[in-house]
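Below is one structure, written out as structure tokens; comments come after it.
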Amino acid sequence: MNIIANLKQLSLFKKIIVATLLIGVGWFAYSRVSSGKTDKPSYQTAVVERGMLISSISASGTITSGDTTYITTGATGTVSKVYIQNGDVVKKDQKIAVINLDDDGKLNQTIAWNNYQTAQVTAKNSLTSKQTSEITMLQKQQALADAEAAQRDSISGGWNPDTKRPYTQNELDIVAKEYPQAKEAYDAAVKSFQISDSNIAVSQAKSLAAYRNYQKVSSTVYAPADGVVNNLVLAPGVVISSNSSSASITVSTGTDSTTNSSSVSSQKIGAIKNPEGKYQATVSLTEVDVTKVQSGQKASLIMDAFPDTTLTGTVLAVNTSGSVSSGVTSYSASILLDPTTLDIYTNMALSAQIITASIDDVIMIPTVAIKTSSGQKTVQILKDKKVETVSVETGISNDTQTIIKSGISEGDEVITSTSTTSKTSPTTNSGSSLFGGGGGMRIPL
């Protein structure tokens with residue numbers, strides 16, 4: 001019985017092997033036939049559109065100035081009174097606090113006040129000097145007129161108005177020399193009078209600067225601008241010393257950096273935010289991009305601190321001097337941001353897109369659809385399922401699109417890419433056994 005069962009089992013396996021071989025041979029034959037068929041191309045296309053092409057360049061930079069003015073003081077001593085608090089609205093030169101000065105603070109305030117008084121005297125003297133220059137100019141003008149009349153009379157043979165006699169040769173020689181001297185004196189007087197206004201302006205500016213220096217070391221702290229106070233660190237009893245670890249700005253107690261001056265560290269003790277103020281950014285441009293940027297161009301900006309908000313602005317100016325670092329030349333451009341409610345701080349990083357060109361009502365296609373050969377630009381279009389190659393004339397382009405001046409029309413379908421796919425995709429396994437691994441199938445006996 002076992003022998004009969006084994007024979008039946010062997011017969012069954014033989015039938016399975018034969019059937020498998022037939023299927024394998026059929027599949028192999030089908031694969032060979034299918035592989036000889038021509039692959040069918042498929043196309044990615046885009047419809048030719050009419051619209052606006054915008055060309056821009058990318059740049060990165062930082063916020064270089066903002067809507068915040070810092071409250072500073074060079075005074076040293078102990079805070080006795082504070083008149084305002086964070087969040088208050090203040091006006092320029094409004095009192096913020098009073099400080100009981102220590103010895104160094106009193107000395108600096110005295111020097112600064114003396115320099116301010118001296119600057120005021122100089123400003124007043126410049127006004128008086130202008131009046132004196134005007135009188136001198138009028139006197140020289142009259143002297144020139146007299147010299148001109150004398151020269152005219154001497155040339156025409158007239159009499160000397162002083163002697164009531166004809167001019168002697170000696171008098172003629174004197175008249176001839178007096179005129180050019182009178183002319184030079186008058187011209188000098190005119191120039192002296194003309195610069196009187198600039199002298200007044202300079203002396204008044206120095207007087208104002210001296211007063212600002214006095215305010216910075218005065219026992220009274222004043223608001224430097226209009227706005228809303230924030231980050232104020234003053235309170236009664238707080239000691240302000242010249243050795244403070246807070247950020248400081250070097251100021252002078254004199255009218256300038258050399259006149260009766262001493263150096264004082266003016267510490268930041270708060271800030272005033274101007275709600276109507278505008279921020280300014282500075283971005284870096286490459287040699288290629290700087291020639292495309294000019295004042296008045298619009299820009300969009302994204303800041304690292306606010307990645308989900310797009311800000312807008314306008315290019316103010318381009319610094320064409322450039323700077324070189326590690327052999328690379330770069331140029332800076334200033335961008336004035338449009339008003340925003342964001343709390344932006346100086347030195348915050350940003351990236352900008354500066355619009356260098358904007359052309360409306362033009363035909364444009366994806367740049368990848370354009371092919372160039374031997375200086376001739378062509379585009380493939382799909383018409384009635386047939387591919388046609390046409391020559392085109394192009395205009396300006398941006399990163400993705402190019403203007404087409406002639407060659408195709410709005411509504412045409414251009415080919416942007418081509419790929420090839422088979423009508424059938426059977427898989428063949430050449431060089432290996434149908435049963436895998438080359439080992440065949442084991443048949444139990």
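Sequential numbering from 1 along the given sequence is applied to the chain's residues.
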Between [X] and [Y] (side chain of the first, backbone of the second, donor and acceptor by atom type, cut-off under 3.5 Å), is there such a pair?
X	Y	answer
Asn230	Asn86	no
Ser326	Val328	no
Ser374	Gln376	no
Asn319	Ser321	yes
Thr291	Glu287	no
Asp289	Thr286	no
Gln215	Asp93	no
Thr72	Gln267	no
Gln204	Ala201	no
Thr118	Asn114	yes

Please check if atom [atom1] in [X] has more than 12 non-hydrogen atoms from other residues, nucleotides or ligands closer than 6.0 Å.
X	atom1	result
Lys273	NZ	yes
Gln44	CD	no
Asp103	CG	no
Lys371	NZ	yes

Look up atom [atom1] in [X] and atom [atom2] in [Y], then write down how far apart they are to the nearest 0.5 Å.
X	Y	atom1	atom2	value
Thr310	Ile302	OG1	CD1	4.0 Å
Gln280	Leu316	CD	CG	5.5 Å
Ile200	Asn125	CD1	CG	11.0 Å
Tyr279	Thr64	OH	OG1	12.5 Å
Gln139	Tyr186	CD	OH	13.0 Å
Leu107	Gln109	CG	CD	10.5 Å

Is the shortest heavy-atom distance from the side chain of [X] to the side chain of [Y] under 4.5 Å?
X	Y	result
Ile354	Leu285	yes
Val190	Met137	yes
Asn231	Val233	no
Ile71	Pro224	yes
Ile404	Val48	no
Asn115	Asn213	no
Asp88	Tyr83	no
Val318	Ser295	no

Mind checking whether Tyr116 and Tyr214 have parallel, tilted or perpendicular rings, split at 30° and 60°?
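Parallel, since the angle between the ring planes stays under 30°.
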Pair Ser58-Gln353, side-chain hydrogen bond (donor to acceptor under 3.5 Å, both in side chains): steps then yes or no
CA-CA 5 Å; Ser58 301; Gln353 288 288 332; 2.5 Å; yes
Audit row: Ser60, Ser284, side chain to side chain contact (heavy atoms under 4.5 Å, CB included) steps and yes/no
CA-CA 6 Å; Ser60 60; Ser284 179; 5.5 Å; no
Can you name the closest pair of heavy atoms from [X] and [Y] and give their distance?
X	Y	answer
Thr320	Tyr331	O-CE2, 3.4 Å
Gly407	Val392	CA-CG1, 4.1 Å
Met52	Met364	O-CE, 3.4 Å
Thr416	Ala46	CG2-CB, 4.0 Å
Ile396	Ala357	CD1-CB, 4.1 Å
Ala225	Val90	O-CG2, 4.0 Å

Taking it one step at a time, do Thr340 and Thr312 satisfy side chain to side chain contact (heavy atoms under 4.5 Å, CB included)?
CA-CA 9 Å; Thr340 176; Thr312 57; over 6 Å; no
Sort out for me which residue in Thr402, Thr372, Thr394 forms a side-chain hydrogen bond (donor to acceptor under 3.5 Å, both in side chains) with Lys377.
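Result: among Thr402, Thr372, Thr394, Thr394 is the only option passing the side-chain hydrogen bond (donor to acceptor under 3.5 Å, both in side chains) with Lys377.
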Let's go through Asn199 and Ser126 carefully: what are the C-alpha distance in whole Å and the side-chain angles of both, what is the deciding distance for side-chain hydrogen bond (donor to acceptor under 3.5 Å, both in side chains) to 0.1 Å, and is it a yes or a no?
CA-CA 6 Å; Asn199 288 336; Ser126 65; over 6 Å; no
Under the criterion side chain to side chain contact (heavy atoms under 4.5 Å, CB included), I'd like the reasoning laid out for Leu337 against Lys278: C-alpha separation, chi angles, the key distance, then a yes or no.
CA-CA 6 Å; Leu337 275 64; Lys278 291 186 177 182; over 6 Å; no
Scan side-chain atoms only and decide if Asp102 and Thr76 contain a donor-acceptor pair under the 3.5 Å cut-off.
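There is such a pair between these side chains.
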Side-chain ion pair, Asp187 and Lys183, N-O less than 4.0 Å
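So Asp187 pairs with Lys183 through a salt bridge.
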So Leu311 and Ile344, side chain to side chain contact (heavy atoms under 4.5 Å, CB included) or not? Walk me through it.
CA-CA 11 Å; Leu311 303 172; Ile344 298 175; 4.0 Å; yes
